[in-house]
Amino acid sequence: MANSNYDYSRIEKKWQKYWDEHQTFRAGTDYSKPKFYALVEFPYPSGQGLHIGHPRPYTAMDIVARKRRLEGYNVLFPMGWDAFGLPTENFAIKNKIHPAIVTENNVRRFKEQLKSLGLSFDWDREINTTDPDYFKWTQWIFIQLFKKGLAYKKEMAVNWCTSCKVVLANEEVVGGCCERCGGEVIRKVKSQWMLKITEYAQKLIDDLTEVDYLEKIKTTQINWIGRSEGAEVDFETTAGDTLTVYTTRPDTLFGATYMVIAPEHPMLKKWENLLTNPEEIRAYQELAARKSDFDRTEMNKDKTGVRLQGVSAINPVNGKEIPIFISDYVLMSYGTGAIMAVPAHDDRDWEFAKVFGIDMIEVVAGGNIEECAFTDCATGIMTNSGFLTGLSVEDAKIKIKDWLEETGKGHRKINYKLRDWVFSRQRYWGEPIPLVNCQKCGWVAIPEEELPLRLPEVESYMPTDNGESPLSTLESFINTTCPCCGGAAKRETDTMPQWAGSSWYFLRYCDPHNPEQLASKEALEYWMPVDWYNGGMEHTTLHLLYSRFWNKFLYDIGSVSCKEPYMRRTSHGMVLGEDGQKMSKSRGNVINPDDVVRQYGADTLRLYEMFIGDFEKTAPWSPSSIKGCKRFLDRVWALQDILTDGDVYRPELMSAFHKTIKKVTEDIEALKFNTAIAAMMALVNDIYATGSVTKAEYRTLLILLNPFAPHMTEELYEICNFGGVLNQQKWAVYEESLCVDQTVEIVVQVNGKLKTKLTIPVNAEKDVALAQALAEQKVQDAVAGKNFIKQIYVQNKLVNFVVK
RNA sequence: GCCGGUGUGUCGGAAUGGCAGACGAGACAGACUCAAAAUCUGUUGUCCGCAAGGGCGUGUGGGUUCAAGUCCCACCACCGGCACCA
């Protein structure tokens with residue numbers, strides 16, 4: 001009989017209390033110790049409470065953090081709340097509760113749930129983005145950006161969610177719909193605060209070489225930033241001015257038979273009096289403006305447009321006059337908002353030219369332009385191209401760029417798809433933008449002593465239908481004096497987007513209570529960069545990019561000491577419902593972590609979330625599979641009944657132990673938690689096969705398992721009187737030389753087919769192994785009467801006789 | 001269309017070019033039990049065979065190799081992301 005039942009509920013509460021009281025996981029301030037900074041994305045404390053997907057990445061990093069502590073590192077593993085945002089505000093509106101109260105309640109619930117999972121966060125460093133002591137520094141950073149000219153206000157077409165009544169960043173629009181609510185997104189011209197992330201585009205690409213991110217994260221970011229090399233080319237027009245285009249294919253300049261400008265292009269205004277078909281143009285402009293992004297993508301098959309009558313352009317290489325069109329396939333937001341169209345060598349231009357019956361000139365030989373545009377840069381040879389004829393495309397690109405620069409008709413240019421970050425939101429529950437507008441001085445930052453600029457109390461948080469912030473109705477908030485001239489001024493009423501607070505939170509964790517600075521220099525120099533940051537793939541082009549940008553800016557102004565905030569970035573797969581579908585209320589496949597903790601205990605839940613499959617891939621929840629993890633813990637618990645006095649690894653388990661230590665040690669670092677657990681399960685099976693366990697064996701097993709199942713292993717460690725508490729012990733060590741057995745089983749093949757297996761001494765010499773293999777009857781039968789072609793021996797693996 | 005990723009038993013999934021299916025689940029059989037649950041033991045890719053044994057098996061088709069789930073080429077299916085970016 002077991003000394004006691006595995007009463008997980010009692011044990012887990014006991015140890016959670018113990019860790020709390022002893023501040024076991026408090027990050028030390030001894031800066032002479034080696035540090036390890038493990039980070040998980042802090043949650044948005046929603047009203048639904050913790051989702052079953054949360055524990056997966058949290059447990060993973062908890063395992064790493066716990067292991068590193070046992071290895072002697074000073075570990076920082078913090079947690080906080082990304083609490084500004086729309087759902088809280090919407091809930092507040094609906095239920096007439098202040099969003100701050102809603103946030104407080106949600107945070108309390110989340111914290112309880114996280115604690116019930118035994119996650120080893122340093123709760124002394126808990127932060128909350130809605131805390132004025134925190135967002136004081138979010139506002140401070142904004143002011144620095146403003147002072148350096150990286151925050152600017154611009155009248156522009158923005159993405160407007162008709163349902164949330166709020167502006168969205170480009171990154172927040174998914175397939176023409178609002179990322180959050182799925183509502184229709186339309187384009188609306190508004191004056192918005194923008195952050196010049198584009199200024200950092202090149203650095204954001206280049207510095208990826210210095211960090212260890214999953215390759216797909218790097219490529220996604222690189223593709224999102226979308227660097228392209230080309231040239232800007234100036235086309236003179238019959239209006240006597242110049243129309244500049246951007247192209248990546250200046251080599252095809254001789255093939256440019258028309259031009260297209262975006263419907264919003266400013267030149268149209270300039271040419272107003274010269275254009276003879278203004279109605280037609282205006283009608284098209286209105287049509288294009290009404291189209292949402294969604295419509296634009298939907299309609300991308302049929303090219304539409306209007307030819308400008310009265311103005312045309314001159315091709316600078318051959319002086320030919322070519323027509324200019326407006327069409328919504330050219331975007332004002334990229335390049336110069338104007339293109340030279342080369343229908344023979346660009347798919348979109350080809351389609352457009354077919355619709356409008358425009359000439360094509362083949363300038364790169366090798367395709368059939370009657371059928372489709374020939375866009376291959378690698379094999380084509382220039383033709384019909386004057387001084388470029390006969391060159392390869394690559395050589396032609398260089399030559400034409402040189403020519404453009406020599407003649408002053410253009411120049412080399414690099415463009416990025418990345419656009420500046422729309423940073424204003426017309427909602428209540430966000431950081432107020434700390435600027436005032438003065439008639440005389442324009443936009444002025446409020447003095448830093450006045451930070452934090454708190455949110456005023458308002459009657460209603462309702463977003464207004466005219467698209468202004470709820471703060472805009474509050475005279476007492478708006479009216480203020482100009483810090484510059486002392487005259488009357490008005491405060492900015494927009495707030496910051498939810499991404500603001502999370503763009504620098506990893507810095508605040510280093511020194512979370514500092515009232516003087518966002519964090520002290522010493523703390524930042526010691527803890528930064530984050531050694532390992534795990535989070536969702538969905539943040540690759542949002543939070544991950546934004547926070548790299550902010551960190552780089554803070555680095556440039558001397559506030560932080562490293563160029564890149566995160567040394568290593570990994571990503572976890574989602575936990576799906578039992579049916580393999582994404583968990584959702586409507587599907588009825590939602591699993592609540594509280595229920596699982598109640599039914600099986602936190603240790604089982606932790607173990608299962610790690611065992612469920614490859615950490616980086618999605619995995620369906622399986623109610624029966626989790627029982628296997630509980631069963632395993634029960635078996636570990638019951639080992640205490642067969643504990644002997646012996647205090648060494650027994651010879652028959654010697655290599656099994658060393659191998660398992662090695663496997664678990666390495667697998668944790670490689671995110672292969674599932675195979676680490678499998679190895680421990682196999683070890684326990686091996687132990688049971690011997691009928692008993694020694695103290696040394698049990699102790700090692702408990703240490704290996706501790707990061708995964710911290711409560712139970714602490715309890716067993718105490719029950720068995722192994723001395724002290726487990727979390728103060730040292731991680732298990734292995735010796736390479738003891739990971740191998742004295743003998744190995746090798747495979748004997750004839751012509752690659754398995755014939756028999758053979759047990760021979762480890763590292764046996766070739767002739768010894770071959771001789772022994774050849775002595776086997778089955779081998780004899782298989783090779784009888786045949787000639788040996790080859791005899792292959794792979795040490796400790798196999799013997800293969802190739803015969804004919 | 002472009003960029004990623006993934007295809008292995010009934011299921012989740014293991015396999016530095018070297019015994020495919022570790023570990024777990026499920027199923028089946030047995031032990032314990034009045035009985036059930038729990039637990040323990042065994043079997044469990046598939047086909048032929050009473051057996052010994054043998055054939056076939058990692059999405060499809062080729063190739064490299066003594067040896068391919070793994071490397072190369074072509075293709076198919078599914079998942080995710082981006083999408084008129086000149």
Side-chain angles (χ1 to χ4, degrees), chain A residues 174-176 214-220 222-224 226-228 230 245-250 252 256 259-260 262 293 296-297 299-303 327-331 333-342 345-349 351-352 375 415-419 537-538 540-541 573-574 578 580 607-608 611-614 616-629 631-632 634-635 638 672 674-685 688 745-757 778 789-803:
Chain A
V174 178
L214 289 179
E215 219 37 58
K216 64 174 169 181
I217 295 176
K218 289 190 185 181
T219 27
T220 304
I222 290 169
N223 291 343
W224 184 263
R227 181 187 203 271
S228 70
V245 302
Y246 173 70
T247 177
T248 55
R249 294 293 305 275
T252 62
M259 299 184 79
V260 186
D293 279 1
R296 278 206 177 192
T297 47
M299 294 172 70
N300 71 18
K301 287 197 183 78
D302 305 316
K303 294 279 180 288
S327 173
D328 66 1
Y329 88 86
V330 172
L331 310 173
S333 51
Y334 183 78
T336 62
I339 63 160
M340 63 177 217
V342 185
H345 304 289
D346 180 281
D347 295 324
R348 295 148 302 179
D349 298 346
E351 282 168 30
F352 189 89
T375 57
N415 259 326
Y416 303 91
K417 289 184 196 171
L418 184 71
R419 300 186 211 166
M537 268 315 280
E538 70 275 17
T540 304
T541 54
M574 233 192 312
E578 210 183 324
L607 201 70
Y608 177 61
F611 188 60
I612 191 167
D614 184 332
E616 294 179 38
K617 295 195 191 114
T618 57
W621 184 264
S622 163
S624 59
S625 224
I626 191 172
K627 287 184 194 149
C629 291
R631 217 168 273 163
F632 168 65
D634 284 338
R635 277 161 69 78
K672 293 165 88 176
N674 52 340
T675 50
I677 294 168
M680 288 187 281
M681 287 173 166
L683 180 65
V684 168
N685 291 343
Y688 269 105
E745 191 182 57
I746 64 164
V747 171
V748 182
Q749 297 175 336
V750 174
N751 288 343
K753 297 262 182 200
L754 175 69
K755 286 300 160 197
T756 185
K757 293 170 190 178
K778 282 176 188 165
I789 310 277
K790 226 177 197 180
Q791 303 183 352
I792 293 151
Y793 173 57
V794 182
Q795 207 171 55
N796 303 329
K797 291 280 186 199
L798 60 58
V799 170
N800 187 12
F801 296 106
V802 184
V803 295

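The sequence lines fix the lettering, A, B, ..., with proteins before strands; numbering per chain opens at 1.
Side-chain atoms of A:K303 and base atoms of B:C84 include a donor and an acceptor less than 3.5 Å apart.
Nucleic acid contact for A:T220: none, since no nucleic acid atom lies under 4.0 Å from a heavy atom of the residue. Within the 4.0 angstrom heavy-atom criterion, only backbone atoms of the sugar-phosphate kind lie near A:T247; the bases stay farther away. Here A:I612 lies in heavy-atom contact (under 4.0 Å) with sugar-phosphate atoms only. In this structure, A:K218 reaches neither bases nor backbone, as no heavy-atom distance under 4.0 Å exists between it and the strands shown. Nucleic acid contact class of A:D634 (heavy atoms, under 4.0 Å, all strands): none.
Summarising the base pairing, B:G4 is matched to B:C79 through a Watson-Crick or G-U wobble pair whose two defining distances lie under 3.5 Å. Both distances falling under 3.5 Å, in either a Watson-Crick or a G-U wobble arrangement, place B:A27 opposite B:U43. Base pairing analysis places B:G57 opposite nothing; no Watson-Crick or G-U wobble pair with both distances below 3.5 Å involves it.
Taking 4.0 angstrom as the limit, A:N674 places a side-chain polar atom (N or O) nearer than this to OP1 or OP2 of B:A14. Within the 4.0 Å cut-off from OP1 or OP2 of B:C79, not a single side-chain nitrogen or oxygen of A:T618 is found. Contact check, A:K216 against B:U6: no side-chain N or O comes under 4.0 Å of OP1 or OP2. The shortest distance between the side-chain N/O atoms of A:R631 and the OP1/OP2 oxygens of B:A38 is not below 4.0 Å. Residue A:K753 has no polar side-chain atom (N or O) positioned under 4.0 Å from OP1 or OP2 of B:G18.
Across the C1' atoms, B:A27 and B:U33 are found 22 Å apart, a figure rounded to whole Å. Taking atom C1' in both B:C56 and B:G5, the straight-line distance is 30 Å, to the nearest Å.
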